[in-house]
Colleague: 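Please see the structure below; I have some questions.
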Amino acid sequence: MTTHPAAPPRAAPVDSPTRRIIAQFMEDRVAVLGLILFICIAILALMAPWIAPQNPYDLSQLNIMDGALPPGEVSFGTDMTYMLGTDQQGRDMLSAILYGLRISLMVAGVSLLLAITVGTIVGVTAAYFGGRLDSFIMRVVDLQLSFPAILIALILLALLGRGVDKVILALVIVQWAYYARTVRSSAIVERRKDYVDAARCLALPHRRIMFRHLLPNCVPPLIVVATVQIAQAIALEATLSFLGVGVPITEPSLGLLIANGYDYLLSGRYWISLFPGIALVLTIIAINVVGDRLRDVLNPRLQK
Amino acid sequence: MIVYLVRRVGQSLLAVMAMAVLVFIGVYFIGNPVDVLINPEATQADILATTERLGLDKPLWQQFGIFLGNALQGDLGTSFVYGRPALDIILERLPATMELALVALFLSVAIGIPLGVWAGLRPESIAGRTIMGGSILGFSLPNFWQGMLLILVFAVLLGWLPAGGRGATTEVLGLQVSFLTWDGLSHLILPAVNLALFKMSLIIRLARANTREVCLQDYVKFARAKGLSPRRVVLVHILKNIMIPVVTIIGLELGSMVAFAIVTETVFAWPGMGKLLIDSINLLDRPVIVAYLMLTVLIIVGINLLVDVIYSLLDPRIRLSEMKG
């Protein structure tokens, strides 16, 4: 077997670590493509109300005569072309997907921010104070992580009922533990370093040391876990909505669109659930590709 | 060893207790427990009688004691829909889920490890890159959508395999199994592949990373220098050493497969307990939800315990460090 020598680093010497990381990231063409794709998807989702051909939830714009048209058909009433076909109620799938993307990304994004906040505070606190508090918090984290995320989320939603706010709550409860564990394990290493001792000798308040000194040094692994987790959050939300316990019918995410089209799949009207699925998968793949590259570039010790 | 075992079993019991408390709070505390536990079509007299029978007029800590006492005796309530004990209904569905999970686990190991080792031996080759690209795809495709694609391709377009249901079963040792008849097997293939793909991707990545690490070790270099055939080096020296982390993950993932089976069973209408859970959530059949949850928690905690104990038997370092900590 021949061994290939590692590719020599091509990045020009640059000064700041941030620029070095960006330069290294840019070396991987697939990752750059993933990043561009994700940015495009995010812009499309944000701009949905302005660029979608119709408002899919304004019933006055829907024409029942246009129900379940295959992609490329022209509407009976107006001369609008349905690029991706229509669903059983005559809703333009392209518009529905853009709006659905918006809800999917919003749910995942909000839950990500909340979960990072909770997880970071808990993780830094555990690492900084150590002792009994630390071992208690880590017991709780380990206990939670020993159960599959989907099971916990499903049970929470079965008890709470469906709704966008409830899905966000369930995602936060499922995800905070990953961040707590990641932050705690890097903070516990940082805590032993001299700059923390120096800060303590200055009698700075605990809060300031924890969040202004310790936390900034724990960010790289946090970014890697966050990219993995946001892809997971999007997939989990879609799964929950597909199972019928996620977002309500009035605010359909991609998962719910796929579920609505599922019954028509067997009768050959594939477009109602295939296209939302492709949008969902492209989003997740783009994030995963970026995350994979970030992991290599930031190179933390892999947690879990 | 005994100290370790006692400690570890204690931890597991604590985990089950914690989940029981959460389930109890979830079902009994959010909203009115009478609405939750009593059939909404019951008469006023029925409601009063049931309230008393369930002890819902007692203080909360006493209620929890009753809930726990009943649960320990295997009484997790009576299903509203089927009118039979919830636990019995779940247990009837358990074999179907376990068969699906075990077949999926077998598939993901039997395919995942060779592919992962192959990719690890030649990380820069086209095959290695393709395998890794495929595993990213396996990670990224949400389980339910991937299942729908399988149905679309193999059931709708090609018409090779049935789209759902379980098909004919044969009885082996009192359990109904699918894999012995062609009809049963043809129903089993798609759901099993669906459930296996995610874990397969995980095992591929794990096996690849470990193979790359092990290849650099001195004993592999020595085995090669000694003139052993490449086949023997891979099958004996490399494979043996990557199995330790792989086996751990396999054990732990069996529990999560039981949970992920919820999705697969819903997509393929597989009559297991995951499908039952979703049906019960839609029908608000809460005793069955509680019974499902408690049983699944027991299964997952039990598997984790078993894996840890086996692992500590194989590797004394873990046992010792646990005892200190």
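Predicted model, so just to flag it, every value in this text is computed and none were measured. Below, read A as the first sequence line, B as the second, and so on, with proteins coming before strands; counting in each chain starts at 1. Computed from heavy atoms alone, side chains included, the values below leave out hydrogens, waters and symmetry copies.
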Colleague: Measure Ser273(A) against the heavy atoms of chain B and call it side chain, backbone, both or neither at under 4.5 Å.
Modeller: both

Colleague: Are Ile262(B) and Ile150(A) close enough, and set up right, to give a side chain to side chain contact (heavy atoms under 4.5 Å, CB included), and what steps lead you there?
Modeller: CA-CA 9 Å; Ile262(B) 298 170; Ile150(A) 185 160; 5.5 Å; no

Colleague: For each of Val245(A), Thr283(A), Val289(A), Leu154(A), tally heavy-atom pairs with chain B at distances under 4.5 Å, and name the one with the top tally.
Modeller: Leu154(A)

Colleague: What part of Ala231(A) lies closer than 4.5 angstrom to a heavy atom of chain B: side chain, backbone, both or neither?
Modeller: neither

Colleague: Does any heavy atom of chain B fall under 4.5 Å from the side chain of Leu240(A), the backbone, both, or neither of them?
Modeller: neither

Colleague: Can you see which heavy atom on Pro148(A) is nearest to which on Ser256(B), and at what distance?
Modeller: CG-CA, 3.6 Å

Colleague: Of the backbone (N, CA, C, O) and the side chain (C-beta and beyond), which part of Leu137(B) lies under 4.5 Å from a heavy atom of chain A, both, or neither?
Modeller: side chain

Colleague: Output the distance between atom CG (Leu274(A)) and atom CE (Met148(B)), rounded to the nearest 0.5 Å.
Modeller: 7.5 Å

Colleague: Can you tell which of Ile151(B), Val297(B), Val301(B), Leu14(B) has the highest number of heavy-atom pairs within less than 4.5 Å of chain A?
Modeller: Val297(B)

Colleague: Rounded to the nearest 0.5 Å, how far does OH of Tyr292(B) lie from CD1 of Ile155(A)?
Modeller: 7.5 Å

Colleague: Could you have a look at Ala259(B), Gly274(B), Ala18(B) and say which one has the most heavy-atom pairs with chain A under 4.5 angstrom?
Modeller: Ala259(B)

Colleague: What part of Ser280(B) gets closer than 4.5 Å to chain A, counting heavy atoms only: side chain, backbone, both or neither?
Modeller: neither

Colleague: In sequence, state the C-alpha distance, the side-chain angles, and the governing distance for Thr239(A) and Asn143(B), and then conclude on side chain to side chain contact (heavy atoms under 4.5 Å, CB included).
Modeller: CA-CA 8 Å; Thr239(A) 306; Asn143(B) 221 307; 5.7 Å; no

Colleague: Rounded to the nearest 0.5 Å, how far does CZ of Phe242(A) lie from OG1 of Thr266(B)?
Modeller: 7.5 Å

Colleague: Can you establish whether the number of heavy atoms outside Phe129(A) located under 6.0 Å from its atom CZ is more than 12?
Modeller: yes

Colleague: Please tell me if the side chains of Leu141(B) and Ile284(A) come closer than 4.5 Å, counting only heavy atoms from C-beta onward.
Modeller: no

Colleague: Less than 4.5 Å to any heavy atom of chain B: does that hold for the side chain of Ile285(A), its backbone, both, or neither?
Modeller: both

Colleague: At a 4.5 Å cut-off on heavy atoms, which part of Leu280(A) comes close to chain B: side chain, backbone, both, or neither?
Modeller: side chain

Colleague: Let me confirm one number: the CZ-CG distance from Phe147(A) to Leu293(B), rounded to the nearest 0.5 Å.
Modeller: 8.5 Å

Colleague: Let me know if Val258(B) has heavy atoms under 4.5 Å from chain A in its side chain, its backbone, both or neither.
Modeller: neither

